[in-house]
> 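Got a structure here, written out as structure tokens. Questions coming.
The residues of the chain are indexed from 1 along the displayed sequence.
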Amino acid sequence: MKMYFYHLEVKEDALPVMVKDNSFYNVDAYERYNNPKKIYELSLAANLPNYAEEFFYILCLDTKTHCKGLLEVSHGTVDRCIVSPREVFQRALLMGASSIILLHNHPSNDVTPSKEDQDVTRRMIDAGRILNIPVLDHIIIGKFEYFSFCEQGLLNV
């Protein structure tokens with residue numbers, strides 16, 4: 001199955017809509033994205049580790065953790081990007097996501113989470129609880145490795 005990238009546009013009537021980009025990558029329609037290594041491999045296919053600036057994405061999942069879409073939320077500078085729950089969950093709701101996984105790259109390839117990464121994760125988890133769209137993980141992507149908040153037991157801190 002071809003998995004397309006999506007971006008958010010505001011149309012003339014001021015309503016936001018998800019628009020499919022021309023770029024795509026192949027995924028198995030029945031593949032379950034329920035472990036960080038598999039999601040890291042997906043990020044490699046999407047070229048995320050090779051970006052020179054930070055990019056923040058969400059992976060939208062259905063009830064069986066099948067991939068509904070990989071969406072860019074924010075594009076920043078070499079060492080940061082601004083992310084708010086409003087933009088994350090606006091996209092998740094428009095995609096009909098049952099749950100999401102947060103992903104962002106560290107161009108330095110040091111995947112150690114910063115204090116800001118931890119704060120963003122906490123805010124997203126709190127917002128997801130209110131909206132009943134759980135955040136299953138936050139994965140920081142480097143060129144040769146990744147850091148998973150879930151694997152490290154940091155999602156309920």
Side-chain angles (χ1 to χ4, degrees), residues 1-10 15-29 31-51 53-77 80-107 111 113-114 116-142 146-152 154-157:
M1 169 176 113
K2 290 182 179 177
M3 176 57 58
Y4 290 88
F5 286 98
Y6 293 86
H7 66 273
L8 188 66
E9 285 186 8
V10 177
L15 294 176
V17 295
M18 297 307 304
V19 177
K20 181 170 52 174
D21 291 342
N22 291 329
S23 57
F24 65 88
Y25 50 95
N26 291 312
V27 296
D28 181 347
E31 188 85 29
R32 295 185 74 168
Y33 288 89
N34 55 4
N35 76 60
K37 184 170 175 21
K38 189 171 298 211
I39 295 159
Y40 176 69
E41 290 167 359
L42 177 66
S43 80
L44 294 175
N47 206 32
L48 189 58
N50 295 321
Y51 294 152
E53 294 97 16
E54 277 199 18
F55 281 78
F56 194 97
Y57 282 83
I58 59 169
L59 179 63
C60 293
L61 303 169
D62 68 12
T63 57
K64 300 198 183 298
T65 65
H66 299 134
C67 182
K68 293 182 68 90
L70 182 64
L71 292 85
E72 180 183 328
V73 176
S74 180
H75 172 189
T77 65
R80 73 191 70 223
C81 63
I82 297 170
V83 184
S84 78
R86 179 186 186 280
E87 280 71 32
V88 167
F89 288 98
Q90 180 182 41
R91 287 159 177 77
L93 288 165
L94 287 170
M95 289 297 292
S98 295
S99 60
I100 62 170
I101 294 174
L102 312 173
L103 295 115
H104 82 279
N105 67 317
H106 277 183
V111 295
S114 67
E116 292 80 12
D117 293 336
Q118 294 171 26
D119 292 344
V120 163
T121 304
R122 171 60 34 221
R123 284 196 325 269
M124 297 304 165
I125 290 170
D126 292 344
R129 283 189 183 126
I130 292 167
L131 294 169
N132 199 26
I133 301 175
V135 173
L136 302 180
D137 202 349
H138 182 175
I139 301 173
I140 301 172
I141 307 296
Y146 66 88
F147 180 93
S148 162
F149 279 73
C150 184
E151 278 184 343
Q152 300 301 318
L154 298 174
L155 282 188
N156 295 319
V157 175

> How many angstroms lie between NZ in Lys68 and OG in Ser99, if you round to the nearest 0.5 Å?
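One gets 10.5 Å once the value is rounded to the nearest 0.5 Å.
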
> Find out whether Met124 and Val83 are in side-chain contact, i.e. whether some heavy atom of one side chain is under 4.5 Å from a heavy atom of the other.
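SC-SC contact between Met124 and Val83 confirmed.
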
> Would you check if there is a donor-acceptor pair between the side chains of His75 and Glu53 at a distance under 3.5 Å?
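Yes.
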
> With a 4.5 Å limit on heavy-atom distance, are the side chains of Leu102 and Val135 in contact?
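Yes - at least one pair of side-chain heavy atoms lies under 4.5 Å apart.
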
> Centre-to-centre under 6.0 Å for Tyr51 and His104, is that the case here?
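No, the ring of Tyr51 stays outside the 6.0 Å limit from the ring of His104, centre to centre.
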
> Could you give me the CA-CA distance, side-chain angles and deciding distance for Arg123 and Asp119, then say whether salt bridge (charged side-chain N to carboxylate O under 4.0 Å, His left out) is met?
CA-CA 6 Å; Arg123 284 196 325 269; Asp119 292 344; 5.7 Å; no

> Could you check whether any side-chain N or O of Asp137 sits under 3.5 Å from a backbone N or O of Pro36, counting only pairs where one atom can act as donor and the other as acceptor?
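Absent.
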
> Report the C-alpha distance between Phe56 and His138 in whole Å, list the side-chain angles of each, state the deciding distance to 0.1 Å, and finish with yes or no for ring-ring contact (aromatic ring centres under 6.0 Å, His included).
CA-CA 10 Å; Phe56 194 97; His138 182 175; 5.8 Å; yes

> If you apply the rule side-chain contact (heavy atoms from CB on, under 4.5 Å), what do you find for Thr121 with Leu155, and how did you get there?
CA-CA 8 Å; Thr121 304; Leu155 282 188; 4.0 Å; yes

> Indicate yes or no: at least one non-hydrogen side-chain atom of Phe55 is less than 4.5 angstrom from one of Leu48.
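Result yes, sub-4.5 Å side-chain heavy-atom pair found.
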
> Please round to the nearest 0.5 Å and tell me the distance separating atom CD1 of Ile39 and atom CG of Leu44.
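Taking CD1 in Ile39 and CG in Leu44, the distance rounds to 12.5 Å.
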
> Please give me the minimum heavy-atom distance between Tyr57 and Glu72, naming the atom from each residue.
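For Tyr57 versus Glu72, the nearest heavy atoms are CD2-N, 3.4 Å.
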
> For residues Ile133 and Ala92, report the shortest heavy-atom separation together with the two atoms involved.
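Heavy-atom minimum between the residues: CD1-CB, 4.3 Å.
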
> Please determine whether side-chain contact (heavy atoms from CB on, under 4.5 Å) holds for the pair Val111 and Ile141, giving the CA-CA distance in whole Å, both sets of side-chain angles, and the decisive distance to 0.1 Å.
CA-CA 6 Å; Val111 295; Ile141 307 296; over 6 Å; no

> Can a side-chain donor-acceptor contact be found between Ser98 and Asp62 if the only test is distance below 3.5 angstrom?
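Judged by distance alone, the side chains do not pair up.
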
> How many angstroms lie between atom CG of Asn34 and atom NZ of Lys64, to the nearest 0.5 angstrom?
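Reported to 0.5 Å precision, the distance equals 12.5 Å.
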
> May I ask you to test the His66-Glu31 pair for a side-chain heavy-atom distance under 4.5 Å?
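Not in contact.
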
> If you take all heavy atoms of Cys150 and Leu136, which pair is closest and at what distance?
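In terms of heavy atoms, the two residues are closest at CB-O, 3.8 Å.
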
> Looking at every non-hydrogen atom in both residues, tell me the closest pair between Ser74 and Cys81 and how far apart they are.
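Residues Ser74 and Cys81, closest heavy atoms: OG-CB, 3.6 Å.
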
> One pair to check against salt bridge (charged side-chain N to carboxylate O under 4.0 Å, His left out): Glu41 and Lys37. What are the steps and the verdict?
CA-CA 6 Å; Glu41 290 167 359; Lys37 184 170 175 21; 3.3 Å; yes

> Checking ring-ring contact (aromatic ring centres under 6.0 Å, His included) against Tyr40, which of Phe147, Tyr33, Tyr146 comes through?
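Considering Phe147, Tyr33, Tyr146, a ring-ring contact (aromatic ring centres under 6.0 Å, His included) with Tyr40 is found only for Tyr146.
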
> Nearest heavy-atom pair of Thr65 and Arg32: which atoms, and what distance?
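Smallest heavy-atom distance, with atoms named: OG1-NE, 3.3 Å.
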
> Report yes if some heavy atom in the side chain of Leu59 is under 4.5 Å from a heavy atom in the side chain of Leu103; otherwise report no.
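Result yes, sub-4.5 Å side-chain heavy-atom pair found.
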
> Would you sort out whether Leu71 and Cys60 count as a side-chain contact (heavy atoms from CB on, under 4.5 Å), showing the intermediate values?
CA-CA 8 Å; Leu71 292 85; Cys60 293; 3.7 Å; yes

> After noting the C-alpha distance and the side-chain angles of Asp117 and Ile140, does the key distance pass the side-chain contact (heavy atoms from CB on, under 4.5 Å) rule?
CA-CA 9 Å; Asp117 293 336; Ile140 301 172; 3.6 Å; yes

> Determine whether Thr77 and Glu54 make a side-chain contact, defined as any pair of heavy atoms from C-beta on separated by less than 4.5 Å.
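No, side chains not in contact.
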
> Any heavy-atom pair between the side chains of Gln118 and Arg122 that's under 4.5 Å?
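No, their side chains stay 4.5 Å or more apart.
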
> Would you indicate whether Ile82, at its atom CD1, is surrounded by more than 12 heavy atoms from other residues, nucleotides or ligands within a distance under 6.0 Å?
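Counting neighbours around CD1 of Ile82, 12 or fewer heavy atoms of other residues, nucleotides or ligands fall under 6.0 Å, so no.
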
